[in-house]
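Okay, structure first, notes after.
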Amino acid sequence: MINTWEETYMQAVIDLWNKEAVKDGYKELTKQSFQQIFVSSPYFDQKNTFVLFEEEQVTGFACGCTGDDLPLGQVAGYITCIVLADGSQTDDNYKLLLSAIEARFRELGKKQSDVLFFNPMMLPWYIPNTPQHEHNNAPGVPVDSRLYSFLQSEGYVERAKECAMYLNLEQFSMPEEIRGKEDKAAAGGYNVELFDASKHQSVAEMLQGLNNPLWEKEIGRCTSEGVPVVIAAHGNQVVGFAGPVIRQENGRGYFAGIGVHPEHEGHGLGTILFFKLCEAFKTIGTDYMSLYTGSSNPAIRIYEKAGFQTVRQFSIMRREFS
């Protein structure tokens with residue numbers, strides 16, 4: 001039997017998660033974190049959150065989300081998770097939960113189902129071989145998981161592999177090569193530094209040029225509220241960003257991303273922004289950084305030069321509805 005979400009299911013679902021999802025590296029859930037990730041999210045949909053019962057026991061949990069204001073949101077629904085108990089991980093049970101999520105997507109007029117890093121319901125996971133250092137979001141399906149092989153069998157196409165990368169900031173130091181890039185950029189009128197509202201302008205225009213609604217919201221808010229953000233400026237006009245520069249309670253350096261306005265590419269600003277971001281995190285006593293990038297993204301060489309190593313791989317997947 002499969003039911004849509006009710007608050008009374010919460011503890012049983014948390015218990016299921018803490019027994020099964022943790023096997024794929026996900027962080028344990030508490031009532032507080034479950035509430036924060038799922039129920040309190042503006043994208044939570046009770047009609048797209050499902051609980052599977054077998055012999056009156058909760059043996060499955062699945063959640064999808066939608067939002068027209070999300071990237072691809074007008075055409076795509078996002079699968080957040082499908083978790084099954086050890087003895088219930090059959091194709092039939094996976095298909096039952098997947099079909100329920102997809103049916104809700106179709107009901108809302110969506111044309112495709114995605115497992116994608118833009119999902120606003122962020123699932124934290126532990127970085128292997130660390131003292132429970134964690135990343136704040138799973139950018140897809142772990143490639144070593146049962147769900148990954150099931151989605152492939154159901155016609156989900158792997159669109160990319162995301163490499164999860166990690167750096168202990170004790171190991172970071174600014175290479176002289178990057179200082180040289182800074183000098184060259186400065187000769188062209190570019191500076192990379194922390195945002196200063198008294199001298200820097202055009203943040204909104206820069207963010208609009210990057211065409212990422214999530215960055216537009218978060219970085220726009222941070223710069224207006226005084227949260228540190230590393231920026232690239234041409235004169236006093238902001239043309240790129242890296243950040244925000246926030247040390248989380250767990251010691252991780254949280255940042256939303258890095259972007260350079262298309263009109264100002266080709267000056268090495270992305271590389272400089274990234275290394276200056278690492279430096280800014282180390283300056284405020286951050287323990288480590290983690291990020292993800294496409295396995296074929298040339299930027300992976302930049303991250304490796306800074307000392308990052310790939311620790312896991314996640315798959316970005318999609319099925320278009322016929």
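A salt bridge is absent between Glu107 and Lys47: the closest approach of a Lys/Arg side-chain nitrogen to an acidic carboxylate oxygen does not fall below 4.0 angstrom. A salt bridge does not link Arg301 to Glu304: none of the charged nitrogens lies less than 4.0 Å from a carboxylate oxygen. A salt bridge does not link Glu279 to Lys282: none of the charged nitrogens lies less than 4.0 Å from a carboxylate oxygen.
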TODO: Could you go through the side-chain contact (heavy atoms from CB on, under 4.5 Å) check for Phe314 and Phe117 one step at a time?
DONE: CA-CA 10 Å; Phe314 294 82; Phe117 48 78; over 6 Å; no

- [ ] Apply side-chain contact (heavy atoms from CB on, under 4.5 Å) to the pair Asp86 and Glu20, showing each step before the final yes or no.
- [x] CA-CA 7 Å; Asp86 186 35; Glu20 300 299 339; 3.5 Å; yes

Open item on the list: Could you go through Tyr190 and His264, starting from their C-alpha distance and side-chain angles, then the distance that decides it, and tell me whether this counts as side-chain hydrogen bond (donor to acceptor under 3.5 Å, both in side chains)?
Closed with: CA-CA 10 Å; Tyr190 292 98; His264 294 271; 2.9 Å; yes

TODO: Go through the steps for Glu7 and Val39 under the test side-chain contact (heavy atoms from CB on, under 4.5 Å), then give the verdict.
DONE: CA-CA 9 Å; Glu7 289 287 327; Val39 182; 3.4 Å; yes

- [ ] Go through the steps to decide whether Tyr148 and Gln152 satisfy the test side-chain contact (heavy atoms from CB on, under 4.5 Å), and finish with yes or no.
- [x] CA-CA 6 Å; Tyr148 172 66; Gln152 285 184 314; 3.2 Å; yes

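The ring-ring contact (aromatic ring centres under 6.0 Å, His included) search around Tyr254 returns none, not counting sequence neighbours. In this structure, the side chain to side chain donor-acceptor pair (under 3.5 Å) partners of Asn136, at least two apart in sequence or on a different chain, are Arg252. Every residue two or more places apart in sequence or in another chain that forms a side chain to side chain contact (heavy atoms under 4.5 Å, CB included) with Asn236 is listed here: Gln201. Partners of Phe34 by ring-ring contact (aromatic ring centres under 6.0 Å, His included), not counting sequence neighbours, listed by chain and number: Trp5, Phe38, Phe61. Tyr303 meets the ring-ring contact (aromatic ring centres under 6.0 Å, His included) test with Phe274; sequence neighbours excluded. Every residue was checked against the side chain to side chain donor-acceptor pair (under 3.5 Å) condition with Lys111, not counting sequence neighbours, and none meets it.
Residues Phe255 and Val230 have side chains not in contact (no heavy-atom distance under 4.5 Å, counting atoms from C-beta outward). At least one side-chain heavy atom of Glu54 sits less than 4.5 Å from a side-chain heavy atom of Asn93. Between His234 and His267 there is no side-chain heavy-atom pair separated by less than 4.5 Å. Within the 4.5 Å cutoff, side-chain heavy atoms of Ser113 are placed close to those of Ile79. Counting heavy atoms from C-beta on, the side chains of Ile37 and Pro124 come closer than 4.5 Å. A 4.5 Å side-chain heavy-atom check between Glu134 and Gln248 finds every atom pair outside the cut-off. Residues Val229 and Val203 form no side-chain contact, since every pair of their non-hydrogen atoms from C-beta on lies 4.5 Å or further apart. Side-chain contact between Phe53 and Val58: present, with at least one pair of heavy atoms (C-beta onward) separated by less than 4.5 Å.
Note on ring orientation: taking the six-membered ring where Trp is involved, the planes of Phe172 and Phe275 are tilted (angle from 30° to 60°).
Within the structure, the side chain to side chain donor-acceptor pair (under 3.5 Å) test picks out the following pairs touching residues 159-168 (sequence neighbours left out): His133-Tyr166, Glu158-Lys161. Applying the salt bridge (charged side-chain N to carboxylate O under 4.0 Å, His left out) test to every pair with at least one member in residues 185-195, sequence neighbours left out, gives these pairs: Glu193-Lys199. Residues in residues 121-132 take part in these side chain to side chain donor-acceptor pair (under 3.5 Å) pairs, two or more places apart or across chains: Glu28-Tyr126.
Shown here is Glu170, whose CD atom has no more than 12 heavy atoms of other residues, nucleotides or ligands within 6.0 Å. For Gln32, the CD atom is loosely surrounded, since the number of other residues' heavy atoms within 6.0 Å does not exceed 12. Counting non-hydrogen atoms of neighbouring residues, nucleotides and ligands closer than 6.0 angstrom, the NZ atom of Lys23 exceeds 12 such neighbours.
Rounded to the nearest 0.5 angstrom, Lys95 NZ and Ile82 CD1 are separated by 12.5 Å. Note that CD1 of Ile258 and CD1 of Ile272 are 12.0 Å apart. Values are rounded to the nearest 0.5 Å.
Side-chain atoms of Ser149 come within 3.5 Å of backbone N or O of Arg146 as a donor-acceptor pair. Between the side chain of Asn137 and the backbone N or O of Pro139, no donor-acceptor pair lies under 3.5 Å. With Gln89 contributing its side chain and Leu84 its backbone, the two residues share a donor-acceptor pair below 3.5 Å. When atom types are taken as modelled, the side chain of Ser33 and the backbone of Leu29 share no donor-acceptor pair closer than 3.5 angstrom. In this structure, the side chain of Ser224 engages the main chain of Gly220 through a donor-acceptor pair within 3.5 Å. Proximity of a side-chain donor or acceptor of Arg319 to a complementary backbone N or O of Glu154 within less than 3.5 Å is detected. Here the side chain of Trp215 pairs no donor or acceptor atom with the backbone of Leu207 at under 3.5 angstrom.
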Expected list for residues 306-313: side-chain donor-acceptor pairs under 3.5 angstrom, two or more places apart:
from: Arg312; atom 1: NH1; to: Asp24; atom 2: O; distance (Å): 2.8
from: Arg312; atom 1: NH2; to: Asp24; atom 2: O; distance (Å): 3.1
from: Arg312; atom 1: NH2; to: Asp144; atom 2: OD1; distance (Å): 3.2

With a 3.5 Å cut-off and sequence neighbours excluded, list the donor-acceptor pairs that the side chains of residues 62-77 form with protein atoms.
from: Asp68; atom 1: OD1; to: Lys110; atom 2: NZ; distance (Å): 2.7
from: Asp69; atom 1: OD1; to: Tyr43; atom 2: OH; distance (Å): 3.3
from: Asp69; atom 1: OD2; to: Tyr43; atom 2: OH; distance (Å): 2.8
from: Asp69; atom 1: OD2; to: Lys217; atom 2: NZ; distance (Å): 3.2

All N/O donor-acceptor pairs, side-chain side in residues 10-17, below 3.5 Å, sequence neighbours left out:
from: Gln11; atom 1: NE2; to: Asp15; atom 2: OD1; distance (Å): 2.9
from: Trp17; atom 1: NE1; to: Lys27; atom 2: O; distance (Å): 3.0

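Remark: the Asp196 side chain and the Ser198 side chain contain an N/O donor-acceptor pair separated by less than 3.5 Å.
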